[in-house]
**Student:** 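Sharing a structure with you now.
Along the sequence shown, residues are numbered consecutively beginning with 1.
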Amino acid sequence: MDLHSTPKTTIVIFGATGDLAKRKLFPSIFNLYQAGKLSEEFAVVGLARREWSNFTLREVVNESISSANDDLIEKFCKHFYYLPFDVTRNDSYINLDKLLKEVEDVYGIPGNRIFYMSTSPEFFGTIASNLKAHQLTETKGWTRLIIEKPFGRDAASAEQLNNEISQAFSEDEIYRIDHYLGKDMVQNIEVIRFANSIFEPLWNNHYISNVQITLSETLGVEDRGGYYDTSGAMRDMVQNHVLQLVSLLAMDPPIRLTPEEVRHEKIKVLRALKPVATDNASEYFVRGQYIPGIMNDQEVPGYRSEESVSPKSITETFVAGKLQIENHRWTGVPFYIRTGKRLESKTTKVIIEFKNMPLNLYFNGEKDTSNLLSINIQPVEGITLLLNGKKEGTSGEAVPVQLDYNNKNDDISSTPEAYERLIYNCLLGDATNFAHSDEVLLSWKYVDPILKAWQSDKVEIAEYESGTMGPKASDDLLAKDGNHWWPVN
Ligand code: NAP
């Protein structure tokens with residue numbers, strides 16, 4: 001990240017008393033402040049229904065920050081203002097207009113406003129239309145909207161939401177958060193691909209056998225059972241994060257690193273995805289649901305026994321799929337994806353399996369000698385390249401040799417950093433690492449027919465024991481092609 005200081009701005013957070021604000025947004029804004037990346041002339045206006053005061057909000061912000069520098073925290077917290085606010089009430093917007101003008105006067109902020117929607121998605125449209133109706137987006141500066149996931153629950157609702165928010169904001173003012181795009185190693189995919197002459201010439205169906213993407217979690221649904229049961233892994237992970245990773249891995253080199261050019265290439269990948277029809281979804285996609293198991297020596301419950309989950313639920317907590325990209329570069333290369341909860345390990349990893357040598361004198365064509373490039377996104381961040389080398393000694397045998405590059409040695413979660421980077425990008429007006437409306441709609445159009453197949457309990461939902469890497473059907477999906485999942489731990 002360049003050390004550009006950001007323009008004088010007010011960040012308005014809808015849902016400031018919520019979980020996301022406390023866990024991610026306040027700490028991220030503080031980290032930017034501490035690093036000197038935030039202009040001193042900034043303000044944060046927190047909104048929610050609770051009858052908090054500036055003082056209460058500042059206390060909560062203080063608690064959310066871990067830093068030993070008490071003076072700095074105190075100075076930082078003074079930039080926070082709270083307004084009791086109901087998104088559905090007119091007078092709330094009238095009060096907000098007044099407060100924003102006052103705060104902008106205090107700091108000399110020229111009307112630059114970021115509206116951060118960190119509240120229930122059902123309110124996104126209402127907020128946008130009210131901002132427009134009360135002229136809160138008409139300032140002498142710029143106005144931008146950051147919008148959280150989920151962005152719709154299918155193509156039709158995403159399109160409707162787009163229509164609603166685009167009444168108040170133009171596409172280049174809308175920053176749709178996909179926090180995976182804020183992760184360092186995800187941003188590194190483009191650098192690895194487009195700044196290394198040894199990879200790009202091999203990045204196609206002549207040399208790559210298949211691509212494997214794993215986003216696995218060890219946690220179950222925790223206290224989010226009510227939300228999750230209406231969502232499932234396809235909506236929660238595949239439509240957004242997984243398809244974003246697919247497009248970054250498969251896109252052609254952009255002609256420039258501008259948001260427009262990068263998005264243009266990513267959109268081309270999504271357009272080239274071979275649609276999966278509802279009738280044959282089972283051939284390409286597997287859905288699973290966790291049953292009880294032992295994790296860390298403790299018995300954990302099955303999904304259907306989780307709090308706020310229907311005991312008859314057919315919501316998937318696991319998805320595995322085979323995606324096909326029909327273009328010159330990728331036809332014939334399966335992109336296998338899998339994601340799920342209560343799996344053996346918490347890992348986000350991409351493995352590129354290269355084709356075997358046409359004649360490998362050392363291994364007689366055995367498949368497990370393949371060269372593998374692993375892009376390790378979390379918890380370990382780095383790259384691993386598996387090559388073959390000569391075994392020491394006189395036997396003349398070849399053995400796998402692993403080259404490892406670790407971005408960080410410690411195991412810190414990169415999520416707060418992702419938010420930090422994305423808020424900073426938005427302050428600077430750089431939308432590269434946010435999802436464009438076309439990306440969102442194309443992703444929904446791809447997953448909708450599969451979700452339709454899964455609406456009924458006629459399509460099998462494969463059970464998997466908690467603490468494993470998913471149902472056997474996920475292994476079978478690759479075995480049909482003569483492939484297998486490479487270990488991710
Ligand atoms: P949350 O804890 O339920 O917070 C919701 C917020 O909205 C609260 O501040 C609530 O405060 C406020 N609110 C509810 N009704 C309101 C109304 N009528 N008028 C004004 N404010 C209202 O939710 P969250 O976990 O922070 O999530 C916020 C958004 O981020 C959601 O879209 C979620 O899908 C997304 N997200 C969250 C996470 C996460 O880790 N939490 C991760 C990814 C995406 P009052 O009750 O005081 O009004």
Side-chain angles (χ1 to χ4, degrees), residues 12-15 20 87-88 93 113-138 142-182 227 230-232 234-248 251 258-273 275 422-423 425-426 429-452:
V12 182
I13 301 178
F14 295 90
L20 186 75
V87 297
T88 59
Y93 295 87
R113 295 174 182 174
I114 291 180
F115 296 99
Y116 198 124
M117 292 198 194
S118 175
T119 183
S120 168
E122 71 191 274
F123 296 136
F124 294 165
T126 310
I127 298 172
S129 54
N130 274 300
L131 289 177
K132 167 94 176 153
H134 292 86
Q135 300 171 349
L136 285 154
T137 50
E138 288 169 33
W142 45 255
T143 54
R144 293 177 190 144
L145 172 72
I146 302 185
I147 187 160
E148 269 297 337
K149 80 166 194 185
F151 198 91
R153 52 177 290 108
D154 52 24
S157 55
E159 206 153 3
Q160 188 189 335
L161 178 55
N162 255 341
N163 291 341
E164 287 168 358
I165 60 175
S166 59
Q167 286 169 23
F169 298 90
S170 59
E171 179 60 30
D172 61 358
E173 293 170 333
I174 301 171
Y175 292 69
R176 294 177 194 78
I177 289 259
D178 185 319
H179 69 274
Y180 271 70
L181 295 179
Y227 157 74
T230 61
S231 166
M234 186 70 108
R235 289 190 172 92
D236 198 42
M237 300 296 284
V238 179
Q239 179 273 332
N240 35 48
H241 314 313
V242 172
L243 287 176
Q244 283 290 341
L245 284 175
V246 168
S247 49
L248 284 169
M251 72 182 191
T258 59
E260 296 74 25
E261 297 298 347
V262 173
R263 284 163 157 188
H264 178 72
E265 296 303 338
K266 285 167 67 193
I267 287 166
K268 271 165 53 191
V269 174
L270 296 170
R271 286 175 49 213
L273 280 176
L422 293 173
I423 292 170
N425 288 158
C426 179
D430 179 355
T432 313
N433 297 311
F434 295 82
H436 185 273
S437 65
D438 290 350
E439 293 175 75
V440 175
L441 290 180
L442 285 164
S443 307
W444 277 122
K445 282 183 183 155
Y446 180 74
V447 302
D448 272 357
I450 306 156
L451 286 168
K452 195 167 168 210

**Student:** Do Tyr446 and Val246 come within less than 4.5 Å of each other through their side chains, counting heavy atoms only?
**Tutor:**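 No, every pair of side-chain atoms sits at 4.5 Å or beyond.
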**Student:** Looking at Ile147, Ile146, Thr137, which hits side-chain contact (heavy atoms from CB on, under 4.5 Å) with Phe115?
**Tutor:**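 It is Thr137; the other options fail the test.
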**Student:** Who pairs with Thr258 by side chain to side chain contact (heavy atoms under 4.5 Å, CB included), at least two apart in sequence or on another chain?
**Tutor:**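 Testing Thr258 for side chain to side chain contact (heavy atoms under 4.5 Å, CB included), a comparison that skips the adjacent residues, returns Arg256, Glu260, Glu261.
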**Student:** Is a donor on one side and an acceptor on the other found under 3.5 Å between the side chain of Asn130 and the backbone of Tyr93?
**Tutor:**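 Judged by distance alone, no pair lies under 3.5 Å.
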**Student:** I'd like to check the side chain to side chain donor-acceptor pair (under 3.5 Å) partners of Gln244; sequence neighbours left out, ordered by chain and number.
**Tutor:**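 Listed in chain order: Lys266, Glu439.
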**Student:** In residues 119-126, what donor-acceptor pairs under 3.5 Å come from side-chain atoms, sequence neighbours left out?
**Tutor:**
unit_1, atom_1, unit_2, atom_2, d
Ser120, OG, Glu122, OE2, 3.0

**Student:** Backbone N or O of Arg235 within a donor-acceptor pair of the Asn240 side chain at under 3.5 Å?
**Tutor:**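 Side chain of Asn240 to backbone of Arg235, a donor-acceptor pair under 3.5 Å: yes, one is there.
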**Student:** So Ile165 and Phe151, do their side chains get closer than 4.5 Å, heavy atoms only?
**Tutor:**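 Touching, per the 4.5 Å side-chain cut-off.
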**Student:** Distance check, rounded to the nearest 0.5 Å: Leu248 atom CG versus Leu181 atom CG?
**Tutor:**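 So the CG of Leu248 and the CG of Leu181 are separated by 6.0 Å.
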**Student:** For residues Val440 and Ala435, report the shortest heavy-atom separation together with the two atoms involved.
**Tutor:**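 Result for this residue pair: CG2-CB, 3.9 Å.
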**Student:** Take Val447 and Leu243 through the test side chain to side chain contact (heavy atoms under 4.5 Å, CB included) and record every step on the way to the result.
**Tutor:** CA-CA 10 Å; Val447 302; Leu243 287 176; 4.2 Å; yes
**Student:** With Phe434, which residues qualify under ring pair (Phe, Tyr, Trp, His ring centres under 6.0 Å), at least two apart?
**Tutor:**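 Partners of Phe434 by the ring pair (Phe, Tyr, Trp, His ring centres under 6.0 Å) criterion, ordered by chain and then number, come out as Tyr175.
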**Student:** If you compare all heavy atoms of Ala155 against all heavy atoms of Leu441, which two are closest, and at what distance to 0.1 Å?
**Tutor:**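 Reported closest heavy-atom pair: O-CD2, 3.8 Å.
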**Student:** Give me each pair satisfying salt bridge (charged side-chain N to carboxylate O under 4.0 Å, His left out) with a member in residues 170-179, each pair once, sequence neighbours excluded.
**Tutor:**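 Salt bridge (charged side-chain N to carboxylate O under 4.0 Å, His left out) check on residues 170-179 returns Glu171-Arg176.
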**Student:** By ring pair (Phe, Tyr, Trp, His ring centres under 6.0 Å), which residues pair with His436, not counting sequence neighbours?
**Tutor:**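 Testing His436 for ring pair (Phe, Tyr, Trp, His ring centres under 6.0 Å), a comparison that skips the adjacent residues, returns none.
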**Student:** Checking Ser129 now: which residues fulfil side chain to side chain contact (heavy atoms under 4.5 Å, CB included) with it, not counting sequence neighbours?
**Tutor:**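 Result, side chain to side chain contact (heavy atoms under 4.5 Å, CB included) vs Ser129: Gln167.
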**Student:** Which atom pair, heavy atoms only, marks the closest approach of Asn433 to Leu422?
**Tutor:**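 Nearest pair, atom of Asn433 first, then Leu422: O-CD2, 3.5 Å.
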**Student:** Once rounded to the nearest 0.5 Å, what's the spacing between atom SG of Cys426 and atom CD1 of Ile174?
**Tutor:**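 Result: 11.5 Å between the selected atoms.
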**Student:** Holding to side chain to side chain contact (heavy atoms under 4.5 Å, CB included), I want the full list of residues that pass it with Asn163, two or more places apart in sequence or in another chain.
**Tutor:**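 By the side chain to side chain contact (heavy atoms under 4.5 Å, CB included) rule, Asn163 matches no residue at all.
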**Student:** Return the CG to CZ distance between Leu136 and Arg113, rounded to the nearest 0.5 Å.
**Tutor:**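 That separation rounds to 6.0 Å.
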**Student:** Could I get the full list of salt bridge (Lys or Arg N to Asp or Glu O under 4.0 Å) partners for Arg144, not counting sequence neighbours?
**Tutor:**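 Not a single residue meets the salt bridge (Lys or Arg N to Asp or Glu O under 4.0 Å) criterion with Arg144.
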**Student:** With sequence neighbours left out, what residues match Ala168 under side chain to side chain contact (heavy atoms under 4.5 Å, CB included)?
**Tutor:**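 Here the qualifying residues are Ala128, Lys132.
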**Student:** Look up atom CZ in Arg263 and atom OG in Ser247, then write down how far apart they are to the nearest 0.5 Å.
**Tutor:**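 Separation between the atoms: 11.5 Å.
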**Student:** Which pairs, with at least one residue in residues 147-166 and sequence neighbours excluded, count as a salt bridge (charged side-chain N to carboxylate O under 4.0 Å, His left out)?
**Tutor:**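 As it turns out, the salt bridge (charged side-chain N to carboxylate O under 4.0 Å, His left out) pairs with a partner in residues 147-166, which skip direct neighbours, are Lys149-Asp236.
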**Student:** If I compare all heavy atoms of Ser118 with all of Ile13, which pair ends up nearest, and what's the gap?
**Tutor:**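 That closest heavy-atom pairing would be CB-CG2, 4.3 Å.
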**Student:** Evaluate the criterion side chain to side chain contact (heavy atoms under 4.5 Å, CB included) for residue pair Met251 and Val262; output intermediate values, then yes/no.
**Tutor:** CA-CA 9 Å; Met251 72 182 191; Val262 173; 4.2 Å; yes
**Student:** Which pair of heavy atoms, one from Asn162 and one from Ser437, lies closest together, and at what distance?
**Tutor:**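 So the two residues come closest at ND2-CB, 3.2 Å.
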**Student:** Using side chain to side chain donor-acceptor pair (under 3.5 Å) as the criterion, list what pairs up with His134, not counting sequence neighbours.
**Tutor:**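 Expected list: Asn90.
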